[in-house]
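Read through the structure below, which is laid out as structure tokens, and then see the notes.
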There are 2 protein chains.
Amino acid sequence: MDAIDRKILSLLQENAKLNTKEIAEKVGLTLSPTFERIKKLEQQQYIKGYVALVDGGMLGRSITVFCQISLFKHSKELIENFKKEVGSLPEIISCHHVSGNYDFLLKVAVSNMNEYQNFVVEKLSVIQGISNMQSSFVMEEIKNENGWVW
Amino acid sequence: MDAIDRKILSLLQENAKLNTKEIAEKVGLTLSPTFERIKKLEQQQYIKGYVALVDGGMLGRSITVFCQISLFKHSKELIENFKKEVGSLPEIISCHHVSGNYDFLLKVAVSNMNEYQNFVVEKLSVIQGISNMQSSFVMEEIKNENGWVW
DNA sequence: ATCCATAACAGAAATTTTTTCGTTTTTTAA
DNA sequence: TTAAAAAACGAAAAAATTTCTGTTATGGAT
């Protein structure tokens, strides 16, 4: 893992459709060593996978909400249960267990308010152990990198 | 945009390395129409791009923090300035302008506490207009989909 | 029922990309 | 300084993808 490897990661996390030749040019190597480096980065799992970025808005998934969740108490049982439920709800884009004023931060995406209400009332609030919930509606996405290399 | 297109999006957002042949099999079409559909989805920007998912932890980017930011007042000038500054800070993975108890939610990734302190003191707090800041450290990432199709 | 437009099909050709391999260069350590 | 290891190189092959045909099927509208 040297500077060239990082450069390769940085390029691929921007645009995974770059082919080996193009990457080779950009990092200043020829095809073969570049190819070997990429394969190695994949094998070693520096690269976890390749995905297409889909425009949620174009599919009508236009409302995004961040929900702060607090549990009654921090028992292992409640936490494990909460994690399990989160995994099964497709409306939940991301979920982080955090320290601080609340316990979990959810990012939720739905098509409309009705769907959001339904999500909260029927799916989220029925999870046991939740003591408090606070929603912040996203008005604008200013930045959303998926990159970790720069 | 029909059910087959959505299936294609769903497959590609999981794994962009699937080739046309494999996708064709999974959606029950042959190569040519599948190929045309994918190209169309790209042209119409349902697919915004293809990226490699890089393991931040393996690169030492091991601390993730969510920061809630409040501004003194919601003037256009302050907001525009804040957005501009956010764009130039690579530690900020994402930034959303939200409604509710605070104005902006940042996701920040750094290598260690020292770097975080430096980020807060030297880069974030110097942005004009910030009245309040609250940090929540991520203890566990329970879910982090980049998908919008299911 | 028939026509039209759209979508799917099958196959082949052209192009590009990936992969491999032997050789050369560079780096590292003794 | 020299020997061993690692990395880079260049070229060729193998494989896969893209692109292009012309044909057939499907679905709606008249």
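Chain letters run A, B, ... following the sequence lines, proteins first and then strands; every chain starts at 1.
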Centroid-to-centroid, A:Phe66 to B:Phe66, below 6.0 Å?
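No, too far apart.
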Rounded off to whole Å, could you give me the [atom1]-to-[atom2] distance for the [X] and [N] pair?
| X | N | atom1 | atom2 | value |
| --- | --- | --- | --- | --- |
| A:Tyr50 | C:dT17 | OH | P | 15 Å |
| A:Gln43 | C:dT19 | CD | C1' | 13 Å |
| B:Met1 | C:dA7 | CE | C1' | 16 Å |
| A:Ile23 | C:dT19 | CD1 | P | 13 Å |

Quick one: what's the B/S/- string for nucleotides 8-18 of chain D, heavy-atom cutoff under 4.0 Å, read 5' to 3'?
SBB------SB
Picking from A:Asp2, A:Thr20, A:Leu9, what satisfies side chain to side chain contact (heavy atoms under 4.5 Å, CB included) with A:Arg37?
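Checked A:Asp2, A:Thr20, A:Leu9 against A:Arg37; only one passes side chain to side chain contact (heavy atoms under 4.5 Å, CB included): A:Asp2.
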Describe, in one word, how the ring planes of B:His97 and B:Phe104 are oriented to each other, choosing from parallel (under 30°), tilted (30 to 60°) and perpendicular (over 60°).
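Ring orientation of B:His97 relative to B:Phe104: parallel.
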Does a side-chain heavy-atom distance below 4.5 Å link A:Ile8 with A:Ile38?
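The answer is yes, as the side chains (C-beta and beyond) meet within the 4.5 Å cut-off.
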When the C1' atoms of the five terminal pairs at each end define the local axes, what inter-axis angle does the helix from C:dA1-D:dT30 to C:dA30-D:dT1 show, to 10 degrees?
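It comes to 40° between the two terminal axes.
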B:Glu22: which residues meet the side-chain contact (heavy atoms from CB on, under 4.5 Å) condition with it, sequence neighbours left out?
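By the side-chain contact (heavy atoms from CB on, under 4.5 Å) rule, B:Glu22 matches B:Leu18, B:Asn19.
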A:Gln45 and B:Asp55: side-chain donor and acceptor closer than 3.5 Å?
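Their side chains do not contain a donor-acceptor pair, so the 3.5 Å distance test is not met.
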Quick check: closest heavy atoms across B:Gly129 and B:Leu78, and the distance to 0.1 Å?
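Looking at all heavy atoms of both residues, the closest pair is CA-CD2, 3.8 Å.
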So, the side chain of B:Lys143 versus the backbone of A:Leu89: is there a donor-acceptor pair under 3.5 Å, distance only?
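Indeed, once roles are kept as given, a pair shorter than 3.5 Å links the two residues.
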